[in-house]
**Student:** 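One structure, as structure tokens, below. Some questions next.
Side chains included, hydrogens not; waters and symmetry mates left out as well; all remaining heavy atoms used.
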Amino acid sequence: MRYHIGDLDEQRLLDLYTGMLKPRMIEEKMLILLRQGKISKWFSGIGQEAISVGVTQALKESEYILPMHRNLGVFTSRNIPLHRLFAQWQGKQSGFTQGRDRSFHFGTQEYKIVGMISHLGPQLGVADGIALADMLRRKKKVTAVFTGEGATSEGDFHEALNVASVWNLPVLFCIENNGYGLSTPTNEQYNCENLADRAKGYGMESRIIDGNNILEVYAKVDELCKAIRRRPRPVLVEFKTFRMRGHEEASGTKYVPEKLMKEWAKKDPIANYEDFLLEEGVLTPEKIEQLKADISEEINENLDKAFEESPVSFDEIKELNDVYQSFQYQEVKPNSETKNIRFVDAISEGLEQSMYRHNELIIMGQDIADYGGVFKITEGFVPKFGKSRVRNTPICESGIVSAAMGLSINGMKAVVEMQFADFVSSGFNPIVNYLAKVHYRWSEKADVVVRMPCGGGVGAGPFHSQTNEAWFTKTPGLRVVYPSSPYDAKGLLNTAINDPNPVLFFEHKGLYRSVYGDVPTDYYTLPFGKANVVKEGKSISIVTYGAGVHWALETLQKHPEIDADFIDLRTLQPLDIEAVFASVKKTGKLIILQEDTLFGGIASDISAMVMEECFQYLDAPVKRVGSLETPIPFAKALEENYLPKKRFEQVLLDLYTY
Ligand SMILES: Cc1ncc(C[n+]2csc(CCOP(=O)(O)OP(=O)(O)O)c2C)c(N)n1
């Protein structure tokens with residue numbers, strides 16, 4: 001291996017050496033503990049230390065770095081106290097996730113490290129968002145993110161690089177090409193010579209760096225970082241290296257040819273560099289012994305500390321409370337002047353007034369800038385807020401939701417417009433796995449609202465009509481809001497944007513231009529978790545939300561004899577179940593109407609809760625009415641019979657006369 005010192009001073013040469021030695025020695029210790037059954041799982045980075053250490057040392061401490069499962073050297077280079085790392089791996093309280101997530105699955109704002117989720121790819125889009133925030137604030141900073149060569153096959157890789165290039169974001173994308181995925185060799189993973197060559201297709205620069213040569217890694221990355229700080233832009237770096245141990249310790253390396261192992265063992269980044277420093281007289285055998293003794297002592301002391309700590313204890317209240325970031329709802333009362341406007345206008349008005357209120361609120365979505373979005377909600381926003389805050393995106397829902405997460409990590413707020421709620425399936429992974437779980441895992445907020453134009457009755461067929469709130473009400477960590485009136489839509493959207501938790505904000509497009517209401521002209525908020533009693537009555541409770549509210553009202557107009565107590569839920573998570581219980585206790589009969597197909601929807605849970613809590617008050621079985629258990633058909637005659645509106649009338653009459 002050839003080393004070039006260039007203009008590096010002796011201190012840096014030594015820092016790079018000790019920087020690599022520490023993770024190596026920690027790993028060697030961990031392998032022993034693993035064999036003793038004292039830690040659960042280990043993803044080895046032995047042989048790859050030069051990459052983590054070289055990149056981290058080239059960054060400034062104030063710059064974010066997003067490591068993967070083999071990047072112990074990132075954590076040690078940021079000088080995290082080792083006992084906290086050990087406690088994290090043992091699932092203890094003083095770790096970074098309080099026993100809630102394992103190994104390297106955590107982040108820490110204190111050390112500007114944003115850890116991975118198991119799904120690998122979303123990490124890259126999160127880096128885009130972090131870098132976007134820096135760019136918008138005109139901070140000359142680099143964000144560095146890691147991926148293995150295996151994860152470059154994920155769509156997230158493509159999405160993140162494309163977005164970074166289109167937006168010219170200062171992201172250093174670091175591919176650690178270590179020859180194998182879990183067991184899959186590179187020739188079964190991709191079919192090009194170098195992954196770095198892909199950069200050309202994205203319109204960005206790239207470099208190939210010998211990942212086992214610490215001086216090459218440090219010097220080239222340092223130079224790149226300086227260049228990116230001067231002129232923000234993304235750069236793709238492929239580090240050539242090799243994985244010397246199994247994917248994780250239990251899985252072994254039987255599938256790796258012996259010859260390759262031997263070849264790469266000769267390229268060990270620490271042994272080679274140590275020889276070089278000895279030759280150069282920067283190190284002496286005594287100095288090495290001393291350094292090793294110091295690190296060993298640090299490891300042992302910190303291990304003792306972690307072992308002394310008792311295992312985490314279970315506290316149900318704390319577990320439940322930590323799913324969401326605490327949020328003090330600030331009521332802003334509506335002004336008295338109102339205008340009669342459409343549902344769609346109320347959403348637009350709320351969004352616009354929130355943009356004025358929050359200088360660091362960014363809206364992202366397809367065709368939302370000059371075009372104003374397919375539903376024209378953001379029409380006229382660009383002249384007011386500029387294209388940097390009202391951002392057209394490429395078609396890449398997963399990448400953009402991940403970028404929204406990154407904006408939030410870097411202190412901004414994001415609203416993402418799904419062009420249609422149906423397309424959220426392409427951004428599902430980061431929503432349910434990243435945004436929803438991040439606060440519970442490492443106390444980080446996901447200050448993101450995803451706007452969801454949804455719903456049927458518009459003859460748009462299976463992919464432009466779904467109301468998919470049940471995909472999200474199932475997932476702890478998300479808030480789900482579903483207004484039915486212009487007044488509620490505006491006030492609830494404003495609250496959604498204030499709330500630092502991830503909110504899925506459903507907007508029924510059938511209501512956009514058909515429903516009018518008197519809406520206060522100024523900014524105001526409405527609380528989550530508070531149902532609206534549309535109408536009070538004594539004989540039967542009707543519970544619904546969204547378009548269901550209008551369908552039920554129409555039905556009641558046809559049957560004025562039905563003295564219904566009528567509840568519009570408005571938010572599904574949090575759910576105002578107390579309002580439902582109070583109503584059922586009054587009427588003894590409950591019908592729940594939802595637009596979604598019946599099985600597994602919110603109506604089923606409400607029904608179960610009423611059965612459990614109000615059984616003695618019920619005079620009839622709880623009835624649920626929902627759509628037919630099919631995809632949503634396009635033709636009018638089919639869609640009309642798919643939707644529950646018609647069936648609702650009969651079930652309501654049956655229950656009323658039960
Ligand atoms: C979406 C997803 N699919 C599969 C896996 C299982 N898995 C975890 S790591 C891994 C291999 C990753 O390979 P690479 O990206 O090259 O990183 P390396 O482990 O080699 O550092 C696989 C298949 C996963 N975690 N997430």
Side-chain angles (χ1 to χ4, degrees), residues 341-352 363-368 371-381 393 395 397 415-427 431 449-473 480-493 496 503-517 519 544-554 568-572 593-597 601-602 626-627 631-636 638-640 642-645:
I341 56 175
R342 301 170 302 178
F343 194 79
V344 70
D345 305 320
I347 292 169
S348 182
E349 213 173 270
L351 197 55
E352 182 178 330
I363 314 178
M364 302 187 285
Q366 289 151 31
D367 311 289
I368 66 160
Y371 188 72
V374 291
F375 297 107
K376 301 296 168 200
I377 302 253
T378 51
E379 193 162 48
F381 276 37
T393 72
I395 305 172
E397 287 75 7
V415 170
V416 176
E417 175 175 307
M418 287 291 147
Q419 199 154 68
F420 286 81
D422 309 70
F423 304 142
V424 78
S425 49
S426 295
I431 294 177
V449 177
V450 182
R451 291 189 33 243
M452 303 275 281
C454 66
V458 288
F463 304 116
H464 289 78
S465 308
Q466 294 173 85
T467 180
N468 41 21
E469 67 278 13
W471 296 358
F472 303 100
T473 48
V480 180
V481 178
Y482 207 141
S484 70
S485 71
Y487 175 79
D488 285 354
K490 180 173 168 183
L492 290 171
L493 179 59
V503 182
L504 277 295
F505 191 86
F506 285 83
E507 305 167 5
H508 199 292
K509 24 185 219 295
L511 309 183
Y512 270 161
R513 289 175 168 76
S514 66
V515 171
Y516 284 72
V519 176
T544 185
Y545 56 97
V549 172
H550 301 277
W551 299 339
L553 279 173
E554 263 178 58
D568 173 2
L569 292 169
R570 303 203 286 191
T571 66
L572 306 181
L593 169 63
Q594 73 181 26
E595 179 176 339
D596 193 8
T597 49
I602 193 92
S627 285
I632 310 181
F634 148 68
K636 199 169 184 339
L638 300 183
E639 193 187 25
E640 267 179 5
Y642 161 87
L643 290 170
K645 190 174 166 187

**Student:** Any non-hydrogen side-chain atom of Asn468 less than 4.5 Å from a side-chain atom of Met452?
**Tutor:**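 When only atoms from C-beta onward are counted, Met452 and Asn468 do touch, with a gap below 4.5 Å.
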**Student:** At their closest point, which heavy atom of Val519 faces which heavy atom of Ala346, and how far apart are they?
**Tutor:** CG2-CB, 4.3 Å
**Student:** Roughly how far, to the nearest 0.5 Å, is OG1 of Thr378 from CD of Glu352?
**Tutor:** 10.5 Å
**Student:** For the pair Gln594 (side chain) and Ile602 (backbone), establish whether a donor and an acceptor sit closer than 3.5 Å, ignoring hydrogens and angles.
**Tutor:**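 Present.
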**Student:** Taking all non-hydrogen atoms of both residues, which atom of Phe423 and which atom of Phe463 are closest, and how far apart?
**Tutor:**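 Heavy atoms only, the tightest pair is CE2-O, 3.8 Å.
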**Student:** Distance from Met418 atom CE to Ile431 atom CD1, nearest 0.5 Å?
**Tutor:**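 Spacing of CE (Met418) from CD1 (Ile431) equals 5.0 Å.
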**Student:** Would you confirm whether Asp422, through its side chain, and Ser465, through its main-chain N or O, come within 3.5 Å as a donor-acceptor pair?
**Tutor:** yes
**Student:** Under 6.0 Å from the six-membered ring centre of Tyr371 and within 45° of its axis: does the NZ or CZ of Lys376 meet both?
**Tutor:** yes
**Student:** What orientation do Tyr482 and Tyr545 show, parallel under 30°, tilted 30 to 60°, or perpendicular over 60°?
**Tutor:** perpendicular
**Student:** How far apart are the closest heavy atoms of Ser627 and Glu595, and which atoms are they?
**Tutor:** OG-O, 2.5 Å
**Student:** Could you tell me which non-hydrogen atom of Pro486 sits nearest to which non-hydrogen atom of Val515, and how far apart they are?
**Tutor:**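 Closest approach of Pro486 to Val515, heavy atoms only: CD-CG1, 3.7 Å.
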**Student:** Do the ring centers of Tyr642 and Phe634 come within less than 6.0 Å of each other?
**Tutor:**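 No, the ring of Tyr642 stays outside the 6.0 Å limit from the ring of Phe634, centre to centre.
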**Student:** Hey, are Glu397 and Gln366 close enough side-chain-wise for a donor-acceptor pair under 3.5 Å?
**Tutor:** yes
**Student:** Would the distance check show the side chain of Asp345 and the main-chain N or O of Arg342 forming a donor-acceptor pair, the cut-off being under 3.5 Å?
**Tutor:**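 Such a contact is found between Asp345 side chain and Arg342 backbone.
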**Student:** Hey, could you give me the NE2/OG distance between His508 and Ser484, rounded to the nearest 0.5 Å?
**Tutor:**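 Nearest 0.5 Å value for the NE2-OG distance: 11.0 Å.
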**Student:** Report the distance from atom CD of Glu417 to atom CE of Met364, rounding to the nearest 0.5 Å.
**Tutor:**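 Answer for the CD-CE pair, Glu417 versus Met364, is 12.0 Å.
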**Student:** Does any non-hydrogen side-chain atom of Phe506 lie less than 4.5 Å from one of Leu572?
**Tutor:**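 Result no, sub-4.5 Å side-chain heavy-atom pair not found.
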**Student:** Using every non-hydrogen atom in the two residues, find where Ala470 and Gly601 come nearest and quote the distance to one decimal.
**Tutor:**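 Heavy-atom minimum between the residues: CB-CA, 4.2 Å.
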**Student:** Spell out, as yes or no, whether a donor-acceptor pair under 3.5 Å connects the side chain of Lys509 to the backbone of Phe420.
**Tutor:**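 Here the side-chain-to-backbone pair does not exist.
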**Student:** Would you confirm whether Asp596, through its side chain, and Glu469, through its main-chain N or O, come within 3.5 Å as a donor-acceptor pair?
**Tutor:** no
**Student:** What residues form a side-chain hydrogen bond (donor to acceptor under 3.5 Å, both in side chains) with Glu639, not counting sequence neighbours?
**Tutor:** none
**Student:** State the CD1-CZ distance between Ile347 and Phe375, to the nearest 0.5 angstrom.
**Tutor:**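 So the gap between those two atoms works out to 10.5 Å.
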**Student:** Let me confirm one number: the CD1-OG1 distance from Ile632 to Thr597, rounded to the nearest 0.5 Å.
**Tutor:** 8.5 Å
**Student:** Would you call Val424 and Trp471 a side-chain contact if the rule is heavy atoms closer than 4.5 Å?
**Tutor:**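 The answer is yes, as the side chains (C-beta and beyond) meet within the 4.5 Å cut-off.
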**Student:** Less than 4.5 Å apart, side chain to side chain, heavy atoms only: is that true for Asp488 and Asp568?
**Tutor:**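 The answer is yes, as the side chains (C-beta and beyond) meet within the 4.5 Å cut-off.
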**Student:** Which one of His550, Glu554, Glu640 satisfies the side chain to side chain donor-acceptor pair (under 3.5 Å) criterion with Lys645?
**Tutor:**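 Only match with Lys645 under side chain to side chain donor-acceptor pair (under 3.5 Å): Glu554.
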**Student:** Minimum heavy-atom separation for Phe343 to Leu511, with atom names?
**Tutor:**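 Looks like CB-O, 3.2 Å.
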**Student:** Could you check whether any side-chain N or O of Ser348 sits under 3.5 Å from a backbone N or O of Ile377, counting only pairs where one atom can act as donor and the other as acceptor?
**Tutor:** yes
